[in-house]
Amino acid sequence: MRPATIQKLEKAGIPLVGYDEKTFDYCVNNDMQSMIVEGTRFLVGHGRKKIAFLQPSGVRDWYLLEPFKEVLKELDVPFHPDWVCSAVDMFVLGSGWDNFNRLWDHGEEKPDGLVIGIDTIFSEAVDRKSVV
């Protein structure tokens, strides 16, 4: 079943193109795995060694998280399973922010970098002033 947000847009006659053939009638695929790997390399190349990961919950998690874990291992940077945060619904603004914010506010050791696994949850992280 398609998320309610997508159903509403389709019902309104708004054309949609997505990345998941199970959710969208028309799809465009991008290489999200390479984006995650290169983004992680960039952060490590700029001295970041404590990197968190924000991903959508239940939407091909393995597809996004595995490349992140592999590149960390390759670069000899520790993977922190507790620093993997999920967005409950990647189409609802702020759905992943609470999880990352809890990590930021309550962890003794804080991440010094964040890789975001999907563009639809990017604005959740950059629009929040408490990160800085």
Engineer: Are Ile51 and Trp83 close enough that some pair of their side-chain heavy atoms sits under 4.5 Å apart?
Structural biologist: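 Not touching, per the 4.5 Å side-chain cut-off.
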Engineer: How long is the gap from CD1 on Ile36 to CD on Gln55, to the nearest 0.5 Å?
Structural biologist: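 If I round to the nearest 0.5 Å, the distance is 8.5 Å.
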Engineer: For Phe79 and Val71, run side-chain contact (heavy atoms from CB on, under 4.5 Å): C-alpha distance rounded to whole Å, both residues' side-chain angles, the deciding distance at 0.1 Å, then the answer.
Structural biologist: CA-CA 10 Å; Phe79 169 67; Val71 73; over 6 Å; no
Engineer: What is the distance from atom CG of Leu75 to atom NZ of Lys49, rounded to the nearest 0.5 Å?
Structural biologist: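 The distance works out to 7.5 Å.
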Engineer: If you count every heavy atom of other residues, nucleotides or ligands that lies below 6.0 Å from Asp76 atom CG, does the total exceed 12?
Structural biologist: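 Counting neighbours around CG of Asp76, 12 or fewer heavy atoms of other residues, nucleotides or ligands fall under 6.0 Å, so no.
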Engineer: Measure the CZ-CG distance between Phe53 and Leu114 for me, rounded to the nearest 0.5 Å.
Structural biologist: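 Phe53 CZ to Leu114 CG: 9.0 Å, rounded to 0.5 Å.
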Engineer: Flag the pair Arg41 and Glu38 as a salt bridge only when some basic side-chain nitrogen lies within less than 4.0 angstrom of an acidic carboxylate oxygen.
Structural biologist: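 Salt bridge flag = yes for Glu38 with Arg41.
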Engineer: Can you tell me how far the NZ atom of Lys50 sits from the NZ atom of Lys110, to the nearest 0.5 Å?
Structural biologist: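 That separation rounds to 10.0 Å.
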Engineer: Looking only at heavy atoms, which two atoms of Pro67 and Leu64 are closest? And how far apart?
Structural biologist: CD-O, 3.3 Å
Engineer: Please round to the nearest 0.5 Å and tell me the distance separating atom CG of Leu72 and atom CD of Glu70.
Structural biologist: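 These two atoms lie 10.0 Å from each other.
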Engineer: So, the side chain of Asp112 versus the backbone of Arg48: is there a donor-acceptor pair under 3.5 Å, distance only?
Structural biologist: no
Engineer: Are Lys69 and Glu66 close enough, and set up right, to give a salt bridge (Lys or Arg N to Asp or Glu O under 4.0 Å), and what steps lead you there?
Structural biologist: CA-CA 5 Å; Lys69 289 166 57 175; Glu66 286 307 311; 3.4 Å; yes
Engineer: For residues Val115 and Phe68, report the shortest heavy-atom separation together with the two atoms involved.
Structural biologist: CG2-CE1, 3.9 Å
